Amino acid sequence: MSSMLERLPGWPDLFGWAETGLPGAHVAPGLHGIRIEEHLTDDGTYVVRAELPGVDPEKDVEITVDSGLLTLRAERSEQTTEKHRTEFRYGTFVRSVRLPAGAKDDEATAEYEDGVLTIKVPVPEAKTGTRAIPVRHV
């Protein structure tokens with residue numbers, strides 16, 4: 001359906017807005033969203049993959065966790081110089097996601113390959129079932 005809307009001139013990309021937010025509705029001026037995908041694997045790992053082509057992960061990417069909120073911040077800058085002109089492209093990108101309950105954020109890992117940042121956070125299996133609590137007579 002999204003591809004059909006893209007072919008209609010004058011129609012906004014409504015499905016793109018669902019992922020990145022409405023234009024002009026960013027938290028702070030100058031910040032842009034980051035496209036991500038997230039899922040929980042069968043082995044209990046929460047995985048976040050973010051599209052970040054053209055950034056140096058060692059210099060331009062910052063990942064933080066505070067009170068169960070994973071925040072990814074990246075900055076991209078590029079300069080193209082030709083004979084009679086120079087072009088600059090730059091921007092700051094931010095995306096935050098809530099970690100699943102019980103996620104072990106202190107064991108999180110991150111890898112960057114081919115423009116995609118992958119963050120993995122172990123999530124232990126939640127104990128299910130009811131436990132009886134004995135009552136002591138005093």
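Predicted, not measured: the structure shown is a model, and the values here were computed from it.
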Qualifying residues under side chain to side chain donor-acceptor pair (under 3.5 Å), relative to Thr64, sequence neighbours excluded: none
Can you give me the closest heavy-atom contact between Leu99 and Ala103, atom names plus distance? CB-CB, 4.0 Å
Arg95 versus Arg35, closest heavy-atom pair with distance: NH1-CA, 4.3 Å
Give a yes or no on this: more than 12 heavy atoms of other residues, nucleotides or ligands lie within 6.0 Å of atom CG of Asp66. no
With sequence neighbours left out, the residues meeting side-chain contact (heavy atoms from CB on, under 4.5 Å) with Ser67 are none
Using distance only, find each side-chain donor-acceptor pair of residues 130-138 under 3.5 Å and give its atom names and separation, not counting sequence neighbours.
none

Supply the atom-to-atom distance Glu51 CD to Leu117 CG, rounded to the nearest 0.5 angstrom. 11.5 Å
Counterpart residues, side chain to side chain donor-acceptor pair (under 3.5 Å), relative to Thr80 (two or more places apart): Arg89
Which pairs count as side-chain hydrogen bond (donor to acceptor under 3.5 Å, both in side chains) when at least one residue sits in residues 107-117, sequence neighbours excluded? none
List the atom of Pro124, the atom of Gly102, and the distance in Å for their closest heavy-atom pair. CD-O, 3.1 Å
The side chain to side chain donor-acceptor pair (under 3.5 Å) partners of Glu75 (sequence neighbours excluded) come to none
For Ala74, the side-chain contact (heavy atoms from CB on, under 4.5 Å) test, sequence neighbours excluded, returns Leu52, Val61
Where do Gly54 and Arg76 come nearest, in terms of heavy atoms and distance? O-CG, 3.9 Å
So Val48 and Leu70, do their side chains get closer than 4.5 Å, heavy atoms only? yes
Got Val97 and Tyr46 here, is their nearest side-chain heavy-atom distance under 4.5 Å? yes
Identify, with sequence neighbours excluded, every residue that meets side-chain contact (heavy atoms from CB on, under 4.5 Å) alongside Thr118. Val47, Arg49, Val116, Lys120
List for me each residue that meets salt bridge (charged side-chain N to carboxylate O under 4.0 Å, His left out) alongside Glu58, sequence neighbours excluded, and say none if there are none. none
Residue pair Thr92, Arg73: steps toward the side chain to side chain contact (heavy atoms under 4.5 Å, CB included) verdict: CA-CA 7 Å; Thr92 300; Arg73 176 183 291 270; 3.6 Å; yes
Show your working on side chain to side chain contact (heavy atoms under 4.5 Å, CB included) between Leu72 and Val94 and close with a plain yes or no. CA-CA 6 Å; Leu72 171 59; Val94 177; over 6 Å; no
Going by the rule side-chain contact (heavy atoms from CB on, under 4.5 Å), which residues pair with Asp43 if we only count those two or more places apart in sequence or in a different chain? Thr41, Thr45
Contact summary for Val123 and Ala101, nearest pair of heavy atoms: CG1-O, 3.9 Å
